[in-house]
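Remember, it's a predicted structure, so these values are computed and weren't measured experimentally. Index from 1, following the sequence.
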Amino acid sequence: MPLYAREFFAELGIPFANSTVVGNTYYAMPVPGEPLRLRIEFSPAKFADTYGGLRVQVINSHMGVVDTTALKFKDHGTFRRRDEIGGNPPGSSRWGTFDTQYHDLGEMPWKGAEFDGLRSAIEQYSQVWFPGAWEAAAPSRAVGRTAQQVPTPPASHTASRTR
């Protein structure tokens with residue numbers, strides 16, 4: 001069964017425009033023209049076709065892997081709500097993981113994932129290796145919105161208090 005990696009990384013919301021997903025791996029060039037690249041791939045868990053996190057790497061296009069870190073789903077609350085609702089107790093072999101075998105047909109194997117903690121960890125990691133790139137790539141939250149000027153009411157010189 002497929003991982004639906006393209007959809008997973010789209011949901012994760014990494015803002016780098018110069019990026020692509022090849023197979024089950026996300027590649028990005030956070031700073032165009034620089035030799036450092038970002039690679040994120042699924043990290044296998046104990047059992048076959050089961051994934052417990054992401055391996056995030058910085059790669060120099062001339063020298064190879066510069067740094068690697070593992071981000072476990074259980075450490076970032078990615079599947080906490082799903083596991084609590086589904087009755088998977090903390091510490092069980094399925095806690096904080098997903099697999100490509102046991103899910104409904106047509107359903108993403110990582111259904112129920114919450115990406116905020118994972119996205120935040122990737123952002124922090126990116127800040128170390130690509131300072132400012134995340135903010136530069138992230139779309140402005142105020143796009144299309146304009147502050148409306150509201151006239152200030154004239155001051156009242158009455159002795160009574162107004163609301």
Side-chain angles (χ1 to χ4, degrees), residues 1-84 86 88 90-143:
M1 288 258 165
L3 284 172
Y4 295 97
R6 186 173 308 280
E7 292 83 355
F8 181 91
F9 290 115
E11 286 275 334
L12 190 53
I14 302 170
F16 303 127
N18 295 323
S19 64
T20 191
V21 176
V22 178
N24 293 326
T25 305
Y26 172 90
Y27 295 93
M29 185 180 354
V31 182
E34 292 292 321
L36 292 182
R37 310 286 191 263
L38 182 67
R39 176 170 62 191
I40 305 173
E41 56 193 355
F42 294 97
S43 177
K46 289 192 268 188
F47 303 104
D49 300 319
T50 303
Y51 300 90
L54 299 174
R55 181 172 48 207
V56 183
Q57 295 181 312
V58 173
I59 301 168
N60 183 301
S61 59
H62 306 296
M63 299 171 19
V65 176
V66 176
D67 189 63
T68 301
T69 192
L71 302 176
K72 293 181 180 180
F73 295 141
K74 65 181 180 180
D75 293 343
H76 296 91
T78 308
F79 295 106
R80 182 178 52 236
R81 182 177 294 152
R82 180 209 65 186
D83 290 340
E84 288 171 350
N88 287 330
S92 71
S93 62
R94 294 185 50 102
W95 178 265
T97 66
F98 76 90
D99 61 60
T100 58
Q101 296 176 4
Y102 303 105
H103 61 278
D104 294 332
L105 190 61
E107 191 175 81
M108 301 298 177
W110 38 267
K111 180 182 177 191
E114 296 181 25
F115 294 100
D116 292 343
L118 206 53
R119 182 183 312 107
S120 178
I122 293 170
E123 180 180 3
Q124 289 175 7
Y125 184 80
S126 296
Q127 291 296 354
V128 172
W129 292 98
F130 311 101
W134 190 280
E135 293 85 10
S140 173
R141 294 177 192 240
V143 171

Peer 1: Between W129 and V66, is the side chain to side chain contact (heavy atoms under 4.5 Å, CB included) condition met? List the steps.
Peer 2: CA-CA 10 Å; W129 292 98; V66 176; 3.5 Å; yes
Peer 1: Work out which heavy atom in G23 is nearest to a heavy atom in A5; give both atom names and the distance.
Peer 2: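 Scanning both residues, the minimum pair turns out to be O-CB, 3.7 Å.
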Peer 1: Between L38 and S126, is there a side-chain heavy-atom distance shorter than 4.5 Å?
Peer 2: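 The answer is yes; the side chains approach within 4.5 Å.
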Peer 1: So, the side chain of Q127 versus the backbone of G132: is there a donor-acceptor pair under 3.5 Å, distance only?
Peer 2: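 Pair found, side chain donor or acceptor close to backbone of G132.
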Peer 1: Hey, what do you get for OG1 (T68) to OH (Y125), rounding to the nearest 0.5 Å?
Peer 2: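 One gets 6.0 Å once the value is rounded to the nearest 0.5 Å.
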Peer 1: Minimum heavy-atom separation for G13 and W134, please, with both atom names.
Peer 2: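 Minimum heavy-atom contact is O-CZ2, 4.4 Å.
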Peer 1: Ignoring hydrogens and geometry, is there a side-chain-to-backbone donor-acceptor pair from S120 to L118 under 3.5 Å?
Peer 2: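 No; zero donor-acceptor contacts below 3.5 Å.
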Peer 1: Determine the minimum heavy-atom distance between P30 and A133, stating which atoms define it.
Peer 2: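 Between these two residues, the closest heavy atoms are O-CB, 3.8 Å.
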Peer 1: Distance from I122 atom CD1 to T69 atom OG1, nearest 0.5 Å?
Peer 2: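 It comes to 10.5 Å.
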Peer 1: I need the N24 CG to R6 CZ distance, nearest 0.5 Å.
Peer 2: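 N24 atom CG to R6 atom CZ measures 10.5 Å (nearest 0.5 Å).
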Peer 1: Taking atom OG1 of T78 and atom CH2 of W110, what is their separation to the nearest 0.5 Å?
Peer 2: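 Between atom OG1 of T78 and atom CH2 of W110 there are 12.0 Å.
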Peer 1: With side chains defined as the heavy atoms from C-beta onward, is the minimum distance between V31 and L36 less than 4.5 Å?
Peer 2: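 No, too far: nothing below the 4.5 Å cut-off.
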Peer 1: Check side-chain hydrogen bond (donor to acceptor under 3.5 Å, both in side chains) between D75 and all other residues, then give those that pass, not counting sequence neighbours.
Peer 2: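 Checked D75 against side-chain hydrogen bond (donor to acceptor under 3.5 Å, both in side chains); zero matches.
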Peer 1: With rounding to the nearest 0.5 Å, note down the distance linking CG in L3 to CD in E41.
Peer 2: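 Atom-to-atom, L3:CG and E41:CD are 11.5 Å apart.
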Peer 1: Can you tell me how far the CG atom of L54 sits from the CD1 atom of I40, to the nearest 0.5 Å?
Peer 2: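 Separation between the atoms: 6.5 Å.
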Peer 1: Any chance you could lay out the side chain to side chain contact (heavy atoms under 4.5 Å, CB included) test for F130 and V58, step after step, and finish with the verdict?
Peer 2: CA-CA 10 Å; F130 311 101; V58 173; 4.2 Å; yes
Peer 1: Under the side-chain contact (heavy atoms from CB on, under 4.5 Å) test against T25, which residue among R55, Q57, R39 passes?
Peer 2: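 The single option meeting the side-chain contact (heavy atoms from CB on, under 4.5 Å) with T25 is R39.
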Peer 1: Give me the atom names and distance for the closest heavy-atom approach of F79 to K111.
Peer 2: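 Answer, listing the atom of F79 first, then K111: CE2-O, 4.3 Å.
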Peer 1: Could you pull out all residues at least two apart from F42 that satisfy ring pair (Phe, Tyr, Trp, His ring centres under 6.0 Å)?
Peer 2: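 Once residues adjacent in sequence are excluded, the partners of F42 under the ring pair (Phe, Tyr, Trp, His ring centres under 6.0 Å) criterion are F8, F9, Y51, F98.
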Peer 1: Mind listing the closest non-hydrogen atom pair of Y26 and S19 along with its distance?
Peer 2: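 Closest approach of Y26 to S19: OH-CB, 3.3 Å.
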Peer 1: Test of understanding: with side-chain hydrogen bond (donor to acceptor under 3.5 Å, both in side chains), list the residues that count as partners of R119, not counting sequence neighbours.
Peer 2: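 For R119 the side-chain hydrogen bond (donor to acceptor under 3.5 Å, both in side chains) partners, ignoring immediate neighbours, are D116.
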